[in-house]
Amino acid sequence: MPRCDHCGSHVSDRFARVFSDAHGQLNACPSCSANAGIAEAARERTRADD
């Protein structure tokens, strides 16, 4: 089962497919981000890693 690369929580395969970036990194999940802001948090965390 996939894990969030930010907090390590398990996520579903479907969640990982939808919210992973182009490199397969999952930078946000419901455990470490508000549901409404997961996509935005993932984008911000990806930019911070660049």
Side-chain angles (χ1 to χ4, degrees):
M1 185 174 261
R3 290 181 177 264
C4 175
D5 293 309
H6 181 72
C7 72
S9 293
H10 290 283
V11 295
S12 70
D13 290 327
R14 187 174 183 181
F15 184 91
R17 275 194 310 273
V18 171
F19 290 103
S20 292
D21 66 13
H23 305 288
Q25 295 289 316
L26 184 59
N27 295 302
C29 73
S31 294
C32 64
S33 298
N35 284 342
I38 289 173
E40 183 60 31
R43 281 191 295 274
E44 288 175 11
R45 291 175 184 161
T46 300
R47 281 187 226 124
D49 290 341
D50 288 341

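Reckoned from all heavy atoms, side chains included, excluding hydrogens, waters and symmetry mates. Computed from a predicted structure; not experimentally measured.
- The two residues Ser33 and Ile38 have their closest heavy-atom pair at CB-CG1, 4.1 Å.
- Sorted by first and then second residue, the salt bridge (Lys or Arg N to Asp or Glu O under 4.0 Å) pairs with a member in residues 8-19 form an empty list; sequence neighbours excluded.
- Applying the ring pair (Phe, Tyr, Trp, His ring centres under 6.0 Å) definition to pairs two or more places apart or across chains, those involving residues 16-46 are Phe15-Phe19.
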Contacts table for residues 2-11: side-chain donor-acceptor under 3.5 angstrom, sequence neighbours left out:
from : atom 1 : to    : atom 2 : distance (Å)
Arg3 : NH1    : Gly8  : O      : 2.7
Arg3 : NH2    : His10 : NE2    : 3.1
Asp5 : OD2    : Leu26 : N      : 2.7
Ser9 : OG     : Ser31 : OG     : 3.4

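- Screening residues 27-40 for salt bridge (Lys or Arg N to Asp or Glu O under 4.0 Å) gives Glu40-Arg43 as the qualifying pairs, with residues at least two apart or on separate chains.
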